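One structure coming up, written as structure tokens, with questions to follow.
As the structure is a prediction and not an experimental result, all values here were calculated from the model. Residues: numbered from 1 along the sequence shown.
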Amino acid sequence: MAFSIMGILTIMEFLVYRNTRMKYEYEVDKDFTSKIRLNIDITVAMKCQYVGADVLDLAETMVTSAQGLVYEPVIFELSPQQRLWQRMLQQIQGRLQEEHSLQDLLFKSAMRTSVMSLPPREDSPTEPPNACRIHGHLEINKVAGNFHITVGKAIPHPRGHAHLAALVSHDSYNFSHRIDHFSFGEPLPGIVNPLDGTEKIAEDSNQMYQYFITIVPTKLHTNKVDCDTHQFSVTERERVINHASGSHGVSGIFMKYDISSLMVMVTEDHMPLWKFLVRLCGIVGGIFTTTGMIHGLAEFFVDLICCRFKLGMYRPHETGHMDGIHANHCTETLAPDPL
């Protein structure tokens, strides 16, 4: 039994030694001069000539979509295979919100599958495109800013910028959108971003969607990946623009982001060999000591019980039978001789 337990625990300890864990450390981010890459893949249910996308940050720097974004006319409805991909991505998002250890598994595996991008359509639709897919990347400053998609193309302005929305009819407003990918930094396998797979259907033509994003610089060091990237958390809000009821604003999709001053360092940590050997010796020595103690106690109690039986403490007394024998013997010896 002792050797069987030692064998089982040794195998389990070896499996623990082979496995790795993710170690998270935090420090102040001292890099404030570099640029951040903004990766975008958003489909809006409006024609491409009616919408415009750009970035405006607190440094009053305007980054237009012409610097890296592509406007592609598409059909807003997904094909069956694309819809299946989106549902799988939404299921991953739901599991990530419940089990944070799943993100460690994604970090370790560094998977390069179709989860990272929307697959192409497998069918050939006959209806004309009714939506615009805006995809690509932009280089933005490492300061708070606002990426937005609204009606009309953006034009520079001395006090910021403006969108030519006067030529677009309100009847064509439809800011139903689908976010297939939205991330900061270099595209990294194994990271599923919070907004990936998001789909919003507008109930009103003057709908405003707001996403408030906090970006956290991240350094990832694993056995498969070694790079600098950015993770983010997001809260969202949506409302209908109605100036008569006091709900002011501009219809569109607004993603307001801010940069965290803390940086997260994620490292894949492996148990050192000396620690594995120490734990292994502890297992073997502990089992030998424990089994020796159990054997000694068992032997003590067995010897104690057996000695009591040998001393006759548990032997039954047969007094009645012996008294009868002695009485018969006395009667026979005292009887008179008939002769």
Side-chain angles (χ1 to χ4, degrees), residues 27-44 48 51-72 116-118 132-164 175 177-189 191-198 208-220 227-237 249-250 252-266:
E27 66 178 23
V28 177
D29 185 16
K30 301 177 182 179
D31 182 14
F32 53 86
T33 59
S34 62
K35 298 280 187 177
I36 300 179
R37 173 170 169 161
L38 174 59
N39 306 295
I40 304 163
D41 191 353
I42 302 176
T43 302
V44 185
C48 292
V51 295
D54 58 275
V55 175
L56 185 65
D57 58 26
L58 291 183
E60 297 184 354
T61 302
M62 177 181 175
V63 183
T64 61
S65 59
Q67 301 181 20
L69 297 183
V70 178
Y71 292 79
E72 180 183 352
M116 303 305 299
S117 60
L118 180 70
C132 183
R133 180 189 177 194
I134 305 173
H135 59 97
H137 68 275
L138 297 173
E139 297 292 333
I140 59 177
N141 296 323
K142 205 170 184 179
V143 295
N146 180 9
F147 169 77
H148 52 271
I149 302 174
T150 186
V151 179
K153 301 299 181 182
I155 57 174
H157 192 271
R159 296 184 179 180
H161 74 294
H163 287 262
L164 294 176
F175 283 100
H177 61 281
R178 182 177 59 252
I179 304 175
D180 297 323
H181 183 73
F182 189 88
S183 65
F184 297 89
E186 293 295 327
L188 182 64
I191 291 184
V192 180
N193 299 279
L195 288 177
D196 294 351
T198 301
M208 181 182 185
Y209 295 94
Q210 291 177 306
Y211 299 92
F212 301 94
I213 298 172
T214 301
I215 306 172
V216 181
T218 304
K219 288 186 176 181
L220 185 61
C227 66
D228 296 342
T229 183
H230 295 78
Q231 300 183 90
F232 65 90
S233 61
V234 59
T235 56
E236 57 185 67
R237 181 190 178 194
V250 179
I253 305 168
F254 298 88
M255 298 182 176
K256 300 179 180 181
Y257 58 87
D258 196 2
I259 313 294
S260 175
S261 59
L262 291 179
M263 179 176 60
V264 181
M265 294 183 296
V266 185

Which heavy atom of N146 sits nearest a heavy atom of H148, and at what distance?
->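 Heavy atoms of N146 and H148 come nearest at O-ND1, 3.5 Å.
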
Would you say S183's side chain and H181's backbone share a donor-acceptor pair under 3.5 angstrom?
->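 No, S183 side chain to H181 backbone: no donor-acceptor pair under 3.5 Å.
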
Thinking salt bridges, do K256 and D258 make one under a 4.0 Å N-O criterion?
-> no

Atom pair NZ (K153) and OH (Y71), whose distance is rounded to the nearest 0.5 Å | 4.5 Å

Please lay out, stage by stage, how Y257 and V55 fare under the test side-chain contact (heavy atoms from CB on, under 4.5 Å).
-> CA-CA 11 Å; Y257 58 87; V55 175; 3.4 Å; yes

I40 and M255: side-chain contact (heavy atoms from CB on, under 4.5 Å), yes or no, with the steps?
-> CA-CA 11 Å; I40 304 163; M255 298 182 176; over 6 Å; no

From NE2 (H230) to CD1 (I215), nearest 0.5 Å = 7.0 Å

For the residue pair P217 and S260, what are the closest heavy atoms and their distance?
-> CD-O, 3.8 Å

Check residues 137-144 and write down every donor-acceptor pair under 3.5 Å in which the side-chain atom is one partner and the other belongs to a residue at least two apart or another chain.
| residue | atom | partner | partner atom | Å |
| --- | --- | --- | --- | --- |
| N141 | OD1 | K35 | NZ | 2.4 |
| N141 | ND2 | D57 | OD2 | 2.9 |
| N141 | ND2 | T61 | OG1 | 3.4 |
| K142 | NZ | D29 | OD2 | 2.9 |
| K142 | NZ | D31 | O | 2.8 |

Apply the side-chain contact (heavy atoms from CB on, under 4.5 Å) test between F232 and each candidate in V216, N193, T214; give the one that qualifies.
-> N193

Could you pull out all residues at least two apart from R133 that satisfy salt bridge (Lys or Arg N to Asp or Glu O under 4.0 Å)?
-> D41, E72

What's the verdict on side-chain contact (heavy atoms from CB on, under 4.5 Å) for I36 and I259, showing C-alpha distance, side-chain angles and the deciding distance?
-> CA-CA 10 Å; I36 300 179; I259 313 294; 3.8 Å; yes

Beyond-backbone contact of I213 with F184, side-chain heavy atoms, under 4.5 angstrom | yes

Answer yes or no: is there a side-chain heavy-atom contact under 4.5 Å between Y209 and E236?
->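 No - every pair of side-chain heavy atoms lies 4.5 Å or more apart.
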
Output the distance between atom OH (Y211) and atom OG1 (T198), rounded to the nearest 0.5 Å.
->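 Answer for the OH-OG1 pair, Y211 versus T198, is 6.0 Å.
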
Once you round to the nearest 0.5 Å, how far does CD1 of I134 lie from CD1 of I253?
->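 Going from the CD1 atom of I134 to the CD1 atom of I253 covers 7.5 Å.
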
Under the ring pair (Phe, Tyr, Trp, His ring centres under 6.0 Å) rule, collect the residues that match up with F147, sequence neighbours excluded.
->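 With neighbours one apart ignored, the set is empty.
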
Reported CD-to-OG1 distance for the pair E186 and T229, which is rounded to 0.5 angstrom =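 Going from the CD atom of E186 to the OG1 atom of T229 covers 8.0 Å.
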
What's the spacing between H135 NE2 and I42 CD1 if we round to 0.5 Å?
-> 12.0 Å

Is the side chain of N39 donor-acceptor paired with the backbone N or O of G185 at a distance under 3.5 Å, no angle test?
->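 Yes, the answer is positive, given that a donor and an acceptor are paired below the 3.5 Å cut-off.
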
